Each structure stands twice: as structure tokens, then as C-alpha cells.
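Notes follow the structure.
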Amino acid sequence: MLYRHSLRIHGFDYSTEGAYFITISCAKWKYRFGQILPTTIDADMQKENISNEGLHDSPLVLTSAQIILNDLGQIAQNEWLKLPERFPNCTLGVFQIMPHHMHGILILKNLPNTPSEENSEGLAIKAASIPDIIRSYKSIVYNECLKIYKAKDQILGRLWLRNYHEKILHNENVFNMATNYILNNPDKYLASRNKQLPKK
């Protein structure tokens, strides 16, 4: 029998009010969502240097490097932005879509005891846990990406790794460290890629 290792803390209630640093990775770390480029490159040059179709600029990157999202990356970003609507006990901290993974901070809050309601999509409003939210996000992104591939008569294959990583942000200092890590991730990614390039 195959036992899968859980990355969650045994016995912890992941619907507990607080902040969580989330990392979700693509299967086989395959580049799915776009490409990191310096912001100094002209937009026309960016389009010439990227083979992925449907380029979009991400307005959320605040560093000197940014990801140029393709259509799948735009889906991943848009669906993350919709999480607070789908899960009213959830608000967003900073997040960053990367070429083959994403980082984001989710902040859960306690909901008042009110009768069940529905959001604009007709979904019941209830307090959700981190696993609930991530499971929903991964599923919706996969299904929307699958539509693009089916329209082109192509095979998407596996989009996400089965699991994800989370870190509970216990205090303001840890929260700020996670925020800075996410905001600086494109710069660090580009710097590491440049180090790997052969010297002329």
C-alpha cells in the first residue's frame, strides 16, 4: 500500500484565524504561466523573446523584474484574485505568479454567526479552511486551462503537484519576511537564472 506524506501539521485546524504563506507548484516544475524578464526590456522586445501565446502584463509585481503572464498565467492570477468572493472568511496578502509555481499570503478571519447566504456565483457562504481554498483554486485553474487546450485539440496533462506547502505566519515579523520574499521572488529568480548562463 502506498502512503502519501501529508505536509499539514497534524491536529491543527486550518480554518483558524490567521495568516498563511502558501506555495503551489506545477507538476514536474514545468513552465506553464509565463516568463520572468527585466522591466527595462521594451514591451515589443518582450513579445519577440517569449514563445508563449497570449501575453499579459501583471500589475502586481513591484520589483525590477516581472513575470509576463501567458493565458494560463492570467487564469492563475485571476482565480486567485477571486478567492475572497468565493470564501468570505479569506482575504489576500501579496501574491506572485511565477513561471512554474505561485506564492501567496492568505489571511483567514472568523465569520459572524449569520444565516447561510450565497455569493454572486450561487455558492454557499461558509468559513473555509486552507485545504478547502487551495483544493478549489487548483481545480478551477486546471479546468479553465483545460478549456484552452481542448479548444486547440491539445493535451494539458497534469497541471499541479498533488500537494502544496503552507507556513503559518505567527507574528508581524514573520509576516513581513514572507511579504518581502514574495515581492522579491522575481528578482531572485532572474538573478539565479543569469548566474546559470554560460559566460561569453
Side-chain angles (χ1 to χ4, degrees), residues 6-27 32-34 56 58-63 66-67 69 71-147 159-186:
S6 175
L7 301 178
R8 313 286 76 78
I9 299 174
H10 181 69
F12 182 80
D13 181 1
Y14 280 94
S15 64
T16 301
E17 187 173 40
Y20 301 81
F21 176 24
I22 306 297
T23 299
I24 313 174
S25 300
C26 294
R32 293 287 198 178
F33 299 139
H56 304 277
S58 168
L60 300 175
V61 179
L62 305 177
T63 59
Q66 68 175 358
I67 184 167
L69 298 175
D71 286 346
L72 303 193
Q74 192 67 44
I75 290 171
Q77 176 171 280
N78 291 344
E79 296 306 328
W80 191 262
L81 288 169
K82 292 178 183 177
L83 289 179
E85 179 183 352
R86 293 193 172 97
F87 305 100
N89 66 315
C90 167
T91 57
L92 303 181
V94 299
F95 75 93
Q96 179 65 65
I97 307 297
M98 297 293 287
H100 46 42
H101 65 285
M102 68 85 58
H103 297 297
I105 294 176
L106 294 179
I107 304 164
L108 299 189
K109 58 186 177 181
N110 293 326
L111 290 177
N113 294 323
T114 56
S116 177
E117 300 176 0
E118 292 185 349
N119 63 13
S120 63
E121 296 180 353
L123 300 176
I125 293 177
K126 64 176 184 177
S129 67
I130 291 296
D132 292 334
I133 295 168
I134 302 305
R135 189 182 308 114
S136 173
Y137 172 74
K138 290 171 70 175
S139 177
I140 292 171
V141 172
Y142 173 81
N143 288 330
E144 291 301 312
C145 292
L146 184 61
K147 291 177 184 178
L159 178 61
W160 300 113
L161 285 178
R162 177 182 178 274
N163 224 320
Y164 65 93
H165 292 267
E166 108 288 320
K167 179 179 177 64
I168 303 168
L169 305 179
H170 294 286
N171 55 56
E172 184 177 357
N173 183 55
V174 176
F175 183 93
N176 291 337
M177 288 175 63
T179 297
N180 288 332
Y181 178 87
I182 293 171
L183 291 176
N184 292 323
N185 208 220

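Side chains are part of it too, since the values below use all heavy atoms of this structure and drop only hydrogens, waters and symmetry mates. All residue numbers in this chain count up from 1 along the given sequence. What you are looking at is a predicted structure, and each value in this text was computed from that prediction instead of being measured.
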Q | Pairwise distance SG(Cys145) to CD(Glu79) - rounded to 0.5 angstrom | A | 9.0 Å
Q) Angle class for the Phe21/Tyr181 ring planes (parallel below 30°, perpendicular above 60°, tilted otherwise)? A) perpendicular
Q) Say you draw a straight line from NZ of Lys82 to CD1 of Ile140; how long is it, rounded to the nearest 0.5 Å? A) 8.0 Å
Q: Identify the two heavy atoms, one from Pro99 and one from Gly34, that lie closest to each other, and give their separation to 0.1 Å.
A: CB-O, 3.6 Å
Q.
I want to check something: taking the side chain as every heavy atom from C-beta on, are Gln96 and Ile67 in contact at a cut-off of under 4.5 Å?
A. yes
Q | Within-4.5 Å side-chain heavy-atom neighbours: Arg32 and Val141 | A | no
Q) Mind checking whether Phe95 and Trp80 have parallel, tilted or perpendicular rings, split at 30° and 60°? A) tilted
(Q) For residues 171-180, which residue pairs pass the side chain to side chain donor-acceptor pair (under 3.5 Å) check, not counting sequence neighbours? (A) none
Q: Evaluate the side-chain contact (heavy atoms from CB on, under 4.5 Å) criterion for residues Ile134 and Glu166: first the C-alpha distance (whole Å), next the side-chain angles of each, then the deciding distance (0.1 Å), finally the verdict.
A: CA-CA 10 Å; Ile134 302 305; Glu166 108 288 320; over 6 Å; no
Q. Which atom names give the shortest non-hydrogen contact between Leu83 and Cys90, and what distance separates them?
A. CB-SG, 4.5 Å
(Q) If we ignore hydrogens and angles and just use 3.5 Å, is the side chain of Asn89 paired with the main-chain N or O of Leu108 as donor and acceptor? (A) no
Q: Would you please name every residue forming a side-chain contact (heavy atoms from CB on, under 4.5 Å) with Leu146, sequence neighbours left out?
A: Tyr142, Lys150, Leu156
Q: Name all residues meeting the side chain to side chain donor-acceptor pair (under 3.5 Å) criterion together with Ser25; count only those two or more places apart in sequence or in a different chain, and write none if there are none.
A: none
Q: Check side chain to side chain donor-acceptor pair (under 3.5 Å) between Lys147 and all other residues, then give those that pass, not counting sequence neighbours.
A: Glu144
Q. Nearest 0.5 Å, what's the CG-CD1 distance between Asn185 and Ile97?
A. 11.0 Å
Q: Over all heavy atoms of both residues, which pair between Glu17 and Asn110 is shortest? Give the atoms and the distance, please.
A: OE1-ND2, 3.2 Å
**Q.** Residues which pass side chain to side chain donor-acceptor pair (under 3.5 Å) with Asn143, listed by chain and number, not counting sequence neighbours
**A.** none
Q.
Please find the pair of heavy atoms, one from Gly93 and one from Ile107, that lie closest to each other, and give the distance.
A. N-CD1, 4.3 Å
(Q) Minimum heavy-atom separation for Leu81 and Leu92, please, with both atom names. (A) CA-CD1, 3.9 Å
Q: Compare every heavy atom of Lys109 with every heavy atom of Pro88, then report the nearest pair and how far apart it is.
A: O-CE, 3.0 Å
Q: Verify, without hydrogens or angle tests, whether Lys167 (side chain) and Thr23 (backbone) share a donor-acceptor contact under 3.5 angstrom.
A: no
Q. Hey, does Trp160 have a side-chain heavy atom less than 4.5 Å from the side chain of Tyr137?
A. yes
Q) In Å and rounded to the nearest 0.5 Å, what is the CG to NZ distance from Leu161 to Lys138? A) 7.0 Å
**Q.** Point-to-point distance, once rounded to the nearest 0.5 Å, from CG of Leu69 to CD1 of Ile75
**A.** 11.0 Å
(Q) If I take atom CD1 from residue Ile22 and atom OH from residue Tyr164, how far apart are they, to the nearest 0.5 angstrom? (A) 6.0 Å
